[in-house]
Structures are given as structure tokens and as C-alpha cells.
Amino acid sequence: MSNKRDYLNEYIILQKELAASIDIFSKKTCKAAQAIQRWGTGEKNDIKTLTSTIYEIFAKIEDAFSIGYKQGIERSANRFYEIYEEVDSINKISKKKERNGKKLNKISNLNRIDLRKANDKLILQYKEKTGNIERKKREMLKHGLIEQFDALKETINRLNVLCIYGKAIINNLPEDYSIETSAKYIEKNEKIMKKVYEDLTKCVDGNTKEKSSEKNNSNNNNNNNNNNNNNYDNNNYSNNYNNNY
């Protein structure tokens, strides 16, 4: 049992370290974009708008990783810690039960009613916990992994939106500067960023619906339907962009 607990503890520690690494990665990525944004403040209005908007995009990329995926990993690790605690609790009761059993085997304690009652209580607790451990293990395992995959799916969906529209913002930059083309570019950027926020909201809403469905114990078919309905892939966003811009 101890080896299994060691592996479980190792998994929890590594997940926590992964969450911390994701936080550092996302912040560094956004900080780099901020440096470009600051450089752009001394350029023409269209480049200034481009670098400012790209910084805004990367701020949302930071959110996708640090708020979305990082927090999903932390929630997942907490679920696995519940398994760890449950197993640890069983081990403690088992050791206490053994100690009480040894006390009862002593001749001087044969008539100790208080010890017998305490031991009977421990036996009942042990049987109850060991009887439920497999069910709890499977429940926590499923919930823990689903938490992480849900967070990963939402993060991918959000990154997908940001990459599609981010590239569009870059590609739309005029080859040469003029007041007219710059004004048009700035106006188009505003429309694109409005779509970015709308589509990011859809990504989060889709994930929330799935979690709500799981909490209500929906069957696998319902979950699959939700996944299909909320599948924000490259083609959807590319078509959306091409149709509007």
C-alpha cells in the first residue's frame, strides 16, 4: 500500500509543479508581448494598434493557461489528494485497531469493556472505509481526470480563437502606411477584437454546460452531444472570420 501511496503522492507533487510551470510560462509569454507593445508606441498608428492588440491577445493567452489549464490541473490534483487522504485514513485506523487488539490480548485487559467497545468501533470504521474505498477511488479518479481534460479542452478552444483572430490582425496590417489605410486597419481591428471576446465567452460557456451536465449525472450520450455542440475548431473560426472580414 505504501508504494502505491508514494506513486500517488508523486503524481500530486508533479501536477502542482506543472501548474506552477504553466503559470511562469504564461506570464513570461505575456511579458514578452508587452515589450513589443511598448516598442510599438513609437511607431505609426497602424503598427501601434497592431502591437497593442497583440499584447491584448497574449494577455488572454495568459488567462487561458494560468486561469484555465493551471486551475484545472490544481482541481485535478486535489481530487487525487482525496484518494491519498482516504487511503491514509484507512492505514491509521488499521494500525490503531492492531494496537487495541494487542491490548485486549493481555490478561489484565480481558474484562475491559471500554477497550472492547473502542475496538469494535474501530473495526466498524475499518470495514466501512475499506468497503467504500474502491468506489471512492474510482469516483475521485474519474472526476480528477475529467477536471483536467475539461480544462485542457477549454484552454485549446480559447487558444484556437486567439490564434485565428491574432493571425488575422497581423495579416491585415497594410504593406505601406497612409492615413486612410491606417484608419481602416484600426477600425477592422476593433471589429475583430469584439468577435474575439464574443467567441471566448462561447468557449467558457460551453465548458460550463459540460460541467453542469456531469454534475447532474447525465449519461455518456448527452455528454457527447454537448462536446459536439461546443467543438470550436479551426474551420469554424476560420469560416467565421472569412465570412465577416
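FYI, the numbering just counts along the sequence from 1.
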Side-chain heavy atoms under 4.5 angstrom apart, residues restricted to Ile, Leu, Val, Met, Phe, Trp, Tyr: same cluster for [X] and [Y]?
X      : Y     : value
Ile186 : Ile54 : no
Leu50  : Ile36 : no
Ile12  : Leu14 : no
Ile67  : Ile57 : no

Do [X] and [Y] have side-chain heavy atoms sitting under 4.5 Å apart?
X      : Y      : answer
Phe65  : Ile61  : yes
Val196 : Leu162 : yes
Tyr185 : Ile169 : yes
Lys27  : Ser66  : no
Thr53  : Gln37  : no
Ile146 : Arg79  : no
Thr155 : Arg158 : no
Glu17  : Ile13  : yes

From [X] atom [atom1] to [Y] atom [atom2], the distance as rounded to the nearest 0.5 Å:
X      : Y      : atom1 : atom2 : result
Asn157 : Asn160 : CG    : CG    : 7.0 Å
Glu62  : Tyr55  : CD    : OH    : 8.0 Å
Ile93  : Lys121 : CD1   : NZ    : 10.5 Å
Lys95  : Ile90  : NZ    : CD1   : 13.0 Å
Ile24  : Thr29  : CD1   : OG1   : 11.5 Å
Arg138 : His143 : CZ    : NE2   : 14.0 Å

Checklist entry - When you look at OH of Tyr81, are more than 12 heavy atoms from neighbouring residues, nucleotides or ligands closer to it than 6.0 Å? => result no
Checklist entry - So does Leu124 have more than 12 non-hydrogen atoms from other groups sitting under 6.0 Å from CG? => result yes
Next on the checklist: Set out, in order, the CA-CA distance, both residues' side-chain angles and the distance that settles salt bridge (charged side-chain N to carboxylate O under 4.0 Å, His left out) for Lys194 and Glu190, then state yes or no.
Outcome noted: CA-CA 6 Å; Lys194 184 179 178 182; Glu190 289 174 356; over 6 Å; no
Next on the checklist: One pair to check against side-chain contact (heavy atoms from CB on, under 4.5 Å): Asn172 and Ile192. What are the steps and the verdict?
Outcome noted: CA-CA 11 Å; Asn172 283 341; Ile192 291 174; 3.6 Å; yes
Show the nearest heavy-atom pair for residues [X] and [Y], with the distance to one decimal.
X      : Y      : answer
Leu141 : Ile83  : N-CD1, 3.9 Å
Lys70  : Ala19  : CG-O, 3.5 Å
Gly144 : Ser76  : O-OG, 2.7 Å
Asp199 : Val161 : CB-CG1, 3.8 Å
Ala151 : Gly72  : CB-CA, 3.5 Å

Checklist entry - Could you go step by step and tell me if Lys16 and Asn78 meet the side-chain contact (heavy atoms from CB on, under 4.5 Å) rule? => result CA-CA 10 Å; Lys16 295 287 187 181; Asn78 289 338; 3.3 Å; yes
So, are [X] and [Y] salt-bridged, with charged N and O less than 4.0 Å apart?
X      : Y      : result
Lys48  : Glu43  : no
Glu134 : Lys137 : yes
Lys202 : Glu198 : no

So, [X] versus [Y]: side-chain donor-acceptor pair below 3.5 Å or not?
X      : Y      : value
Gln15  : Gln148 : yes
Thr181 : Ser178 : yes
Tyr177 : Asn45  : no
Glu56  : Tyr197 : yes

Next on the checklist: Walk me through whether Lys44 and Ser182 qualify under side-chain contact (heavy atoms from CB on, under 4.5 Å).
Outcome noted: CA-CA 8 Å; Lys44 299 291 186 182; Ser182 178; over 6 Å; no
Next on the checklist: As a quick check of understanding, evaluate side-chain contact (heavy atoms from CB on, under 4.5 Å) for Gln71 and Arg75, giving each step before the final call.
Outcome noted: CA-CA 6 Å; Gln71 289 186 4; Arg75 288 193 300 270; 3.8 Å; yes
